[in-house]
S.K.: 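Okay, handing you the structure first.
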Amino acid sequence: MSFNPAEQLEKNPIQGQFKGVNPSISDSATFTFKTGQDMMDTFEGKSEGAFLYSRHTSPSNMYLANALAAMEGTEEANVAASGMGAISTTILQICGAGDHIVSSRTIYGGSYAIMKNYLPKLNIQTTFVDVTSLEAIEAAIQPNTKMIYCEVMSNPLLEIANIPEMKKIAEKHNVLLVVDNTFTPLIMSPYQMGADIVIHSLTKFINGMNDTVGGVVCASTDFINATKSVIDGAAMLIGSTMDSLRSASILKNTHTLAIRMKKHSENALYISQKLEQDGARIVYPGLASHKDHELFKDLHNTEFGFGGMITIDALTLEKANHLMKVMQEQNLGDLAVSLGFYRTLFNAPGTGTSSEVPEDEQKEMGLSPGLVRFSMGLDHNIEKTYQGIRQCMLEVGVLESVAV
Ligand SMILES: *Cc1c(COP(=O)(O)O)cnc(C)c1O
């Protein structure tokens with residue numbers, strides 16, 4: 001592997017004041033200048049490395065942004081207070097009134113909702129397509145299309161976007177390819193495959209502690225500078241800035257990302273192989289039965305596996321709810337939205353994270369009402385966890401009902 005995102009993440013450790021092993025935290029909203037001229041130069045973007053005001057950037061935000069830019073292999077990055085802060089400001093930086101977006105229809109509920117319900121207020125329209133159909137993507141492009149938007153691994157169906165092929169379409173039509181890599185940090189390196197902009201919700205695997213929300217946009221220096229422009233930058237003017245204390249805390253958690261991702265993947269593969277053998281209707285990209293298994297293998301950084309996300313179809317919403325209730329009672333995980341935590345989290349996307357998507361559209365996408373999405377935790381004894389989940393599935397009648 002020539003590009004190793006985990007090695008990239010490790011390559012520039014920053015010492016703190018007094019030779020601290022962690023960088024010092026910037027605890028200032030504003031910064032001083034020697035002269036009025038110096039301040040003016042900074043405003044005009046002429047003085048490299050000078051800090052102006054923390055909504056623009058701060059030393060702590062810069063350290064975290066630099067680490068994540070290195071991880072994706074982009075020139076620069078900018079952190080935001082949430083994943084949606086990163087997504088919304090990226091869209092607004094690229095699109096204005098009269099512009100058009102081609103987006104995957106199987107994306108995070110909040111991303112879907114902003115494109116479907118909010119952006120039309122600004123006369124920005126979106127066509128939602130099946131991201132696994134390259135023909136559908138290309139056919140949806142209009143003269144006013146500014147970007148193609150997708151997630152590497154779609155939510156909650158775990159379909160894989162063919163980023164290298166999508167890049168060819170984007171290039172041919174001169175539009176930007178914007179990719180959300182929240183589900184597969186380190187596992188996938190979309191920028192290396194041709195994406196123009198890579199976004200993460202740091203809330204999930206990257207921070208991994210479920211103690212905060214956060215986001216990042218990784219892109220070229222030109223794009224990042226544009227979003228931070230004091231004149232017309234979306235991130236600067238909308239104010240999606242992350243707090244410096246939080247940046248410092250998230251940076252420390254990135255140091256364990258590689259070992260965490262490996263363990264999430266190892267546990268998820270173990271559970272899905274075992275439950276598939278038991279006859280469960282299970283979707284996991286690491287299984288040969290997954291329709292995009294081969295594509296995933298072609299694209300991923302092998303050593304990090306196939307990720308921590310699994311879906312199990314319990315067929316009906318009633319059974320899904322019953323299953324989640326007993327699993328929580330058995331201490332196998334938490335019934336909660338979100339993902340990338342040390343404990344297993346599960347929810348029924350039809351009523352939870354994808355509830356922004358209307359019911360008829362859910363059906364069209366293949367989103368079964370009984371779908372349970374799992375974010376596998378870092379459980380030490382995964383065989384015990386497997387036995388526990390299996391027992392709950394038998395109790396609820398999920399295994400039996402699929403065996404017939
Ligand atoms: C959670 C999530 C987001 C939104 O991130 P927040 O930090 O909650 O604002 C965007 N994309 C994906 C794929 C997500 O899972």
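Model, not experiment: these values are computed from the prediction. Just so you know, ligand 1 is whichever comes first in the structure, and atom 1 is the first atom listed for that ligand.
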S.K.: Which residue owns the protein heavy atom closest to atom 14 (C) of ligand 1, what's the atom, and how far is it?
M.R.: Lys204 NZ, 2.9 Å

S.K.: Determine, using heavy atoms of Gly214 and all atoms of ligand 1, whether some pair is separated by less than 4.0 Å.
M.R.: yes

S.K.: Please could you name the atoms of ligand 1 that Thr182 approaches to less than 4.0 Å, counting only its heavy atoms?
M.R.: 11 (N), 12 (C), 13 (C), 14 (C), 15 (O)

S.K.: Less than 4.0 Å is my threshold; does some heavy atom of Ile87 fall inside it relative to ligand 1?
M.R.: yes

S.K.: Heavy-atom distance under 4.5 Å between the side chains of Ser265 and Ile187, does that happen here?
M.R.: yes

S.K.: Within a distance under 4.0 Å of any heavy atom of Asp180, pick out the atoms of ligand 1 and give their elements.
M.R.: 10 (C), 11 (N), 12 (C), 13 (C)

S.K.: Between Lys384 and Asp379, is the salt bridge (Lys or Arg N to Asp or Glu O under 4.0 Å) condition met? List the steps.
M.R.: CA-CA 9 Å; Lys384 188 169 158 223; Asp379 309 28; over 6 Å; no

S.K.: What class does the angle between the rings of Tyr284 and Phe306 fall in, given that below 30° is parallel, 30 to 60° is tilted and above 60° is perpendicular?
M.R.: perpendicular

S.K.: Would you mind running through ligand 1 and noting each atom that sits below 4.0 Å from a heavy atom of Ser82?
M.R.: 7 (O), 9 (O)

S.K.: Tell me the protein heavy atom at minimum distance from atom 5 (O) of ligand 1, and give that distance in Å.
M.R.: Ser201 OG, 3.0 Å

S.K.: For Phe31, does the CZ atom sit with more than 12 other heavy atoms under 6.0 Å from it, leaving out its own atoms?
M.R.: yes

S.K.: When you measure from atom 9 (O) of ligand 1 to every protein heavy atom, which one gives the shortest distance, and what is it?
M.R.: Met84 N, 2.8 Å

S.K.: For atom 4 (C) of ligand 1, grab the closest protein heavy atom and report residue, atom and distance to one decimal in Å.
M.R.: Tyr108 CE2, 3.4 Å

S.K.: Check each atom of ligand 1 against the heavy atoms of Glu151 and keep those under 4.0 Å away; list them by number with element.
M.R.: 13 (C)

S.K.: Would you find more than 12 non-hydrogen atoms of other residues, nucleotides or ligands less than 6.0 Å from Asn174 atom CG?
M.R.: no

S.K.: As an exercise, identify every atom of ligand 1 less than 4.0 angstrom from a heavy atom of Thr203.
M.R.: 6 (P), 7 (O)

S.K.: Going by heavy atoms in the side chains, are Asp292 and Met153 under 4.5 Å from each other?
M.R.: no

S.K.: So that I can tick it off, tell me whether Lys11 and Glu7 are bridged by a salt bridge, with the cut-off set at under 4.0 angstrom between side-chain N and carboxylate O.
M.R.: no

S.K.: Parallel, tilted or perpendicular: which describes the rings of Phe374 and Phe346, with under 30° parallel and over 60° perpendicular?
M.R.: tilted

S.K.: Can you name the atoms of ligand 1, numbered from 1 with element, that are less than 4.0 Å from a heavy atom of Gly83?
M.R.: 5 (O), 6 (P), 7 (O), 9 (O)

